[in-house]
K.L.:
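The structure that follows is given in the form of structure tokens.
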Amino acid sequence: MPMQNVRTTPIEGQKPGTSGLRKKTAVFRRPHFLENYVQATFDGIGGVEGKTLVIGGDGRFFNDAAVQIILRMACANGAAKCIVGRGGLLSTPAASHLIRLRKADGGLILSASHNPGGPDADFGLKFNGPNGGPATEAVTDRIFACTQTLTFYKIAAGEDVDLAQLGTHKLEGMTIEIVDPVADYAALMQTIVDFPKIKALFAGGFTMCFDAMHAITGPYAHTILEDMLGAPKGTVINGQPSPDFGKGHPDPNPIWAKTLMDKMYGADAPDFGAASDGDGDRNMIVGRGAYVTPSDSLALLTAHAHLAPAYRGGLAGVARSMPTSRAVDRVATSLGIGCFETPTGWKFFGNLLDAGKVTLCGEESAGTGSDHVREKDGLWAVLLWLNILAETGKSVSDLMADLWAAHGRCYYSRLDYEDVDSDKANSMIDALRVRLPMLAGARIGAMTVENADEFSYLDPVDGSKSMGQGLRIVFEGGARAVFRLSGTGTQGATIRLYLEQLETDPARLQDAPEDMLRNVRDAALELSDLTAITGRTAPDVIT
Ligand code: VG1
Ligand code: CO
């Protein structure tokens, strides 16, 4: 089979964002676009000659064709072996596990995660390193630099590889091993949570609804929840992955997982509800009539993780992304463990996990994970919740009420303004940034600013510094507003406004979040001049 060096020129806009490169599918399908980025990735990591790579994706439109291209390029670049999930499928946490389990040199994950899929929607690709985690900023910077100087890429010509059959194939000198995408991950879960205990919970009539949102978690959830843990068939809904996610938006939040929310707030609601995103790394948790914010979920898991076998000895520490509420900080303080604050995106947790400084991590965007992999892990979070529910015998709402009674409640919400004109979004952020140093002591409506700054992060493990990670304004009385621009969108700019208000008065722990957050929201909007600058009078999505 002939190997080809294809001449190419750099393509603009191949800068990886919060989680790999995300673009409209149509952009990824343009001539040389994917090939350029894959070659830049290979070059950026020092080549793949003799290396072993894990390859898989969330099954969205173009996943199949893209896997074939990546395999032919890995072959032409001299890779020794590619381990591929059957059908080219792997959830993000399963890919992370497989890289670690098989001591691979890294992996390519094809996904735009919670972004919709389809020919007119989004596609993405990211590289994870040998620790199973997303490439660090140093690596993504090198990859980006390579995209700007590329003059050719290497690809083998030939037939598509049959990815449907488990086993070993050969592509020239390269071995391709097709593995069951679910088996190793399911085995890992059995070493973390108490399967017999959860099985007994279901056998006792406990009811659950898991919404896989037509995405990659379907096969994992069917196997683990229904086949292994004995939850009744039908517990998993929308469990058949489809290339356009059933024309839905596979983002597990109360807006996009509305079917599940209606069920959980309706008559005869199950005891427990959960959903996962496109690539299976996010989770949403909802009890009967009780939505749990991701920030609260991280705090709850931190407080009770010791009930699961893997964490019986306690947690080394915890980490949260900066915009995530400070609920987990309060639990960590009471446990006497360290709590780290990192920039948005899972790549910043890797060093802390590798160094054994933290055991659990989380983000406000429905991401929680632990040191079992180097990605956030949707189904793992759901299983840990089940383990805690089984051990305590309490309902979700009782567990939350206990948590708030002990630590106070961090009321929390995120407002997203999508597809904003990029220049306007940037000028709003720029104008606010300039004013931050002067804000301390300022009174805005009912709120007084305590301090304000732009978040930057000094990695305590490798000493690297990340600047410009979001504007934060802390108000007196435990309130905070954070502004940042999304790094995963594919159209215009998305402004995220994160709102938080701590409440410790026992009489005010069950109030409506929108009421509790009104003052901090109004102050944030006034300070930023968001409406005047962007023309937006209301957010597109509130979670
Ligand atoms: C968003 C979330 C962030 C998450 C990232 C990837 O990034 O806010 O917390 O790590 O998506 O998640 P941004 O830059 O758009 O705010 V996933 O599940 O889409 O890979
Ligand atoms: Co995801």
K.L.:
Less than 4.0 angstrom from a charged side-chain N to a carboxylate O is my criterion; do Lys233 and Asp227 meet it?
P.N.:
yes
K.L.:
Less than 4.0 angstrom from a charged side-chain N to a carboxylate O is my criterion; do Arg282 and Asp251 meet it?
P.N.:
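Salt bridge flag = yes for Asp251 with Arg282.
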K.L.:
Under a 3.5 Å cutoff, is there a donor and acceptor pairing between the side chains of Trp380 and Thr368?
P.N.:
no
K.L.:
Could you go step by step and tell me if His214 and Gln240 meet the side chain to side chain contact (heavy atoms under 4.5 Å, CB included) rule?
P.N.:
CA-CA 5 Å; His214 305 278; Gln240 176 68 40; 5.9 Å; no
K.L.:
For the rings on Phe61 and Phe123, is their centre-to-centre separation under 6.0 Å?
P.N.:
no
K.L.:
State the CZ-OG1 distance between Phe210 and Thr235, to the nearest 0.5 angstrom.
P.N.:
11.0 Å
K.L.:
Looking at Arg312 and Glu391, what are the two nearest heavy atoms and their distance?
P.N.:
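Nearest pair, atom of Arg312 first, then Glu391: NH2-OE2, 4.3 Å.
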K.L.:
Yes or no on salt bridge (Lys or Arg N to Asp or Glu O under 4.0 Å) for Arg320 and Asp329, after CA distance, side-chain angles and deciding distance?
P.N.:
CA-CA 9 Å; Arg320 62 163 172 83; Asp329 303 35; 2.6 Å; yes
K.L.:
So that I can tick it off, tell me whether Asp354 and Arg374 are bridged by a salt bridge, with the cut-off set at under 4.0 angstrom between side-chain N and carboxylate O.
P.N.:
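Asp354 and Arg374: salt-bridged.
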K.L.:
Is it true that Lys394 and Asp402 make a salt bridge, defined as a side-chain N closer than 4.0 Å to a carboxylate O?
P.N.:
yes
K.L.:
Ignoring hydrogens and geometry, is there a side-chain-to-backbone donor-acceptor pair from Arg508 to Gln510 under 3.5 Å?
P.N.:
no
K.L.:
Salt bridge check, Arg409 against Glu503: does any charged N sit closer than 4.0 Å to a carboxylate O?
P.N.:
no
K.L.:
Dump the intermediate steps for side chain to side chain contact (heavy atoms under 4.5 Å, CB included) on Met189 and Asp377, then the final yes or no.
P.N.:
CA-CA 11 Å; Met189 291 301 116; Asp377 188 344; 3.6 Å; yes
K.L.:
Taking CG in Asp268 as the centre, count heavy atoms belonging to other residues, nucleotides or ligands within less than 6.0 Å. Is the count above 12?
P.N.:
no
K.L.:
Establish, from distance only, whether the side-chain atoms of His97 and Asp184 form a donor-acceptor pair under 3.5 Å.
P.N.:
no
K.L.:
Might you point out which heavy atoms bring Asp296 and Ala327 nearest each other, and give the distance in Å?
P.N.:
OD1-CB, 3.8 Å
K.L.:
For Arg480 and Tyr498, which I'm curious about, is there any donor-acceptor pair between the side chains at under 3.5 Å?
P.N.:
no
K.L.:
For the CG atom of Leu360 and the CG atom of Leu315, what is their distance to the nearest 0.5 Å?
P.N.:
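Result: 4.5 Å between the selected atoms.
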K.L.:
Report yes or no: does Glu500 contribute a side-chain atom to a donor-acceptor pair with the main-chain N or O of Arg326 at less than 3.5 Å?
P.N.:
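Yes, because the side chain of Glu500 sits within donor-acceptor range (under 3.5 Å) of the backbone of Arg326.
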K.L.:
Is there a donor-acceptor contact under 3.5 Å linking the side chains of Asp416 and Thr494?
P.N.:
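There is no such pair (donor and acceptor under 3.5 Å, judged by atom type) between the side chains of Asp416 and Thr494.
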K.L.:
Quick one: does Val396's side chain get under 4.5 Å of Asp271's, heavy atoms only?
P.N.:
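Side-chain contact under 4.5 Å: no.
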K.L.:
How long is the straight-line distance from CG of Leu415 back to CG of Leu525, given to the nearest 0.5 Å?
P.N.:
7.5 Å
K.L.:
Decide if atom NZ of Lys24 counts as having more than 12 heavy atoms of other residues, nucleotides or ligands within a radius under 6.0 Å.
P.N.:
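Buried by this count: over 12 neighbours within 6.0 Å.
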K.L.:
Ignoring hydrogens, what is the shortest heavy-atom contact between Ala308 and Leu384? Give both atom names and the distance.
P.N.:
CB-CD1, 3.5 Å
K.L.:
How far does OH of Tyr417 sit from CG of Leu485, to the nearest 0.5 angstrom?
P.N.:
13.5 Å
K.L.:
Do Tyr220 side-chain atoms and Ala183 backbone N/O form a donor-acceptor pair below 3.5 Å?
P.N.:
no
K.L.:
Return the minimal non-hydrogen interatomic distance between Ala95 and Ile109, and the atom names on each side.
P.N.:
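Heavy atoms of Ala95 and Ile109 come nearest at CB-CD1, 3.7 Å.
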K.L.:
Is there a side chain to side chain contact (heavy atoms under 4.5 Å, CB included) between Trp385 and Val292 once you walk through the steps?
P.N.:
CA-CA 11 Å; Trp385 261 94; Val292 180; 4.1 Å; yes
K.L.:
Taking the basic N atoms (NZ, or NE/NH1/NH2) and the acidic carboxylate oxygens, is any pair closer than 4.0 Å for Glu341 and Arg472?
P.N.:
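Salt bridge between Glu341 and Arg472, a charged N being under 4.0 Å from a carboxylate O: yes.
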K.L.:
Looking only at heavy atoms, which two atoms of Gly239 and Ala212 are closest? And how far apart?
P.N.:
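That would be CA-CB, 4.0 Å.
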K.L.:
Any idea how Tyr457 and Phe348 line up, ring-wise: parallel (<30°), tilted (30 to 60°), or perpendicular (>60°)?
P.N.:
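Ring orientation, 0 to 90° scale: perpendicular.
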K.L.:
Would you say the side-chain atoms of Thr217 and Ser276 include a donor-acceptor pair closer than 3.5 Å?
P.N.:
yes
K.L.:
So does Asp522 pair up with Arg518, basic N to acidic O under 4.0 Å?
P.N.:
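Judged by the 4.0 Å cut-off on N to carboxylate O distance, Asp522 and Arg518 do not form a salt bridge.
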K.L.:
Where the side chain of Glu226 meets the backbone of Val236, is there a donor-acceptor pair that is under 3.5 Å apart?
P.N.:
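Judged by distance alone, yes, a pair lies under 3.5 Å.
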K.L.:
Indicate whether the side chain of Asp281 and that of Trp346 have a donor and an acceptor atom separated by less than 3.5 Å.
P.N.:
no
K.L.:
Taking side chain as C-beta onward, heavy atoms only, is Phe28 less than 4.5 Å from Leu125?
P.N.:
yes
K.L.:
Would you confirm whether Thr302, through its side chain, and Val328, through its main-chain N or O, come within 3.5 Å as a donor-acceptor pair?
P.N.:
no
K.L.:
Hey, which of Leu89, Val182, Asp180 is the one that makes side-chain contact (heavy atoms from CB on, under 4.5 Å) with Pro219?
P.N.:
Val182
K.L.:
Looking just at side-chain N and O atoms, do Ser111 and Ser113 make a donor-acceptor pair shorter than 3.5 Å?
P.N.:
no
K.L.:
Please evaluate residues Lys126 and Glu375 with respect to the criterion salt bridge (Lys or Arg N to Asp or Glu O under 4.0 Å), reporting the C-alpha separation (whole Å), side-chain torsions for both, the decisive distance (0.1 Å), and the verdict.
P.N.:
CA-CA 12 Å; Lys126 66 174 177 167; Glu375 285 279 4; 2.7 Å; yes
K.L.:
May I ask you to test the Met284-Leu260 pair for a side-chain heavy-atom distance under 4.5 Å?
P.N.:
yes
K.L.:
Within the distance-only criterion (no hydrogens, no angle test), does the side chain of Thr25 pair as donor or acceptor with the backbone N or O of Gly118 below 3.5 angstrom?
P.N.:
yes
K.L.:
Distance check, rounded to the nearest 0.5 Å: Lys376 atom NZ versus Ser19 atom OG?
P.N.:
6.0 Å
K.L.:
Looking only at side chains, do Asp279 and Thr92 share a donor and an acceptor under 3.5 Å apart?
P.N.:
yes
K.L.:
Flag the pair Phe272 / Ile285 as yes when at least one side-chain heavy-atom distance between them is below 4.5 Å, and no otherwise.
P.N.:
yes
K.L.:
Using a 4.5 Å cut-off on heavy atoms from C-beta on, say whether the side chain of Leu399 contacts that of His304.
P.N.:
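Heavy-atom side-chain distance check passes, below 4.5 Å.
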K.L.:
Evaluate the side-chain proximity of Asp122 to Lys23: yes if any heavy-atom separation is below 4.5 Å, no if none is.
P.N.:
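No; the side chains remain at least 4.5 Å from each other.
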K.L.:
Could you pull out the closest heavy-atom pair between Met213 and Ala275, with the gap in Å?
P.N.:
SD-CB, 4.3 Å
K.L.:
Counting only N and O atoms by type, is there a donor-acceptor contact under 3.5 Å from the side chain of Arg100 to the main-chain atoms of Gly132?
P.N.:
no
K.L.:
With a 4.5 Å heavy-atom cut-off, do Leu98 and Val179 have their side chains touching?
P.N.:
yes
K.L.:
Ignoring hydrogens and angles, state whether a donor on the side chain of Asp371 or Tyr311 is under 3.5 Å from an acceptor on the partner side chain.
P.N.:
no
K.L.:
Can you confirm whether Ile192 sits close enough to Leu383 that some side-chain heavy atom of one is under 4.5 Å from a side-chain heavy atom of the other?
P.N.:
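No; the side chains remain at least 4.5 Å from each other.
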K.L.:
Hey, are Glu364 and Arg414 close enough for a salt bridge, meaning a charged N less than 4.0 Å from a carboxylate O?
P.N.:
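Yes, this pair counts.
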K.L.:
CG of Asp194 to CG of Leu386: how many Å apart, nearest 0.5 Å?
P.N.:
11.5 Å
K.L.:
Check whether any side-chain N or O of Glu363 sits under 3.5 Å from a backbone N or O of Gly345 as a donor-acceptor pair, and report yes or no.
P.N.:
yes
K.L.:
Test side chain to side chain contact (heavy atoms under 4.5 Å, CB included) on Ile55 and Val67; report intermediate values, then the result.
P.N.:
CA-CA 7 Å; Ile55 297 170; Val67 169; 4.2 Å; yes
